[in-house]
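To start, the structure itself, in structure tokens.
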Amino acid sequence: VVRPGRVVAAGFVPADSASEELLILAERDDRQGASDSAAIEEIRRTILEATGVRAHTVRMLSKGVLQRTSSGKLRRRDALRRFLSGEFADLAEP
């Protein structure tokens with residue numbers, strides 16, 4: 001469903017809200033064969049059960065979309081910037 005180690009969580013203020021919400025960007029693991037909508041619901045449920053926080057936005061991304069630093073960490077700020085600029089807007093979200 002999701003590629004291990006290829007998920008970014010970030011706070012952002014969506015246009016329809018005055019407060020900070022949770023954004024999840026996850027690369028899909030095509031070997032799992034689950035639909036994006038099923039994966040998104042599983043991610044939302046898992047986060048809610050573990051933290052009590054509802055993810056406002058969850059986007060499934062293609063393999064390799066999330067960039068890494070030279071030390072191998074995910075570039076969280078870059079991923080948030082790319083999301084906010086609309087770079088991931090063409091990806092479906094239920």
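We use all heavy atoms of the structure for the numbers below, so side chains are in, but hydrogens, waters and symmetry mates are not. Predicted model, so just to flag it, every value in this text is computed and none were measured.
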Practice task
Give the minimum heavy-atom separation between V7 and I24, together with the two atoms involved.
Solution key: CG1-CG2, 3.8 Å
Handout entry: Distance in Å, L48 CG paired with L22 CG, rounded so as to fall on 0.5 Å steps
Key = 10.5 Å
Exercise for the section: Could you go through the side-chain contact (heavy atoms from CB on, under 4.5 Å) check for V2 and M60 one step at a time? Expected result: CA-CA 8 Å; V2 175; M60 299 302 294; 4.1 Å; yes
Exercise for the section: Work out which heavy atom in A18 is nearest to a heavy atom in V13; give both atom names and the distance. Expected result: C-CG1, 4.3 Å
Exercise for the section: For residues G5 and L74, report the shortest heavy-atom separation together with the two atoms involved. Expected result: O-CD1, 3.5 Å
Exercise for the section: Give a yes or no answer on whether the side chain of R44 reaches the backbone of H56 with a donor-acceptor pair at less than 3.5 Å. Expected result: yes
Practice task
Not counting sequence neighbours, list each pair that qualifies as a salt bridge (Lys or Arg N to Asp or Glu O under 4.0 Å) and has a residue in residues 5-24.
Solution key: R6-E27
Exercise for the section: Could you tell me which residues satisfy side-chain hydrogen bond (donor to acceptor under 3.5 Å, both in side chains) with S19, sequence neighbours excluded, listed by chain and number? Expected result: S17
Practice task
Could you tell me the separation between the CG atom of D36 and the CZ atom of R59, rounded to the nearest 0.5 Å?
Solution key: 11.0 Å
Exercise for the section: Please report the C-alpha distance between T57 and F83 in whole Å, then the side-chain angles of each, then the deciding distance to 0.1 Å, and finally whether the side-chain contact (heavy atoms from CB on, under 4.5 Å) criterion is met. Expected result: CA-CA 11 Å; T57 302; F83 170 78; 4.0 Å; yes
Handout entry: R3 versus R28, closest heavy-atom pair with distance
Key = CG-O, 3.3 Å
Fill in the blank from the handout: Residue pairs passing the salt bridge (Lys or Arg N to Asp or Glu O under 4.0 Å) test with at least one member in residues 77-86, sequence neighbours excluded, are D78-R81, D78-R82, R82-E87
Fill in the blank from the handout: Heavy-atom nearest pair, L23 first then L25, reads CD1-CD2, 3.9 Å
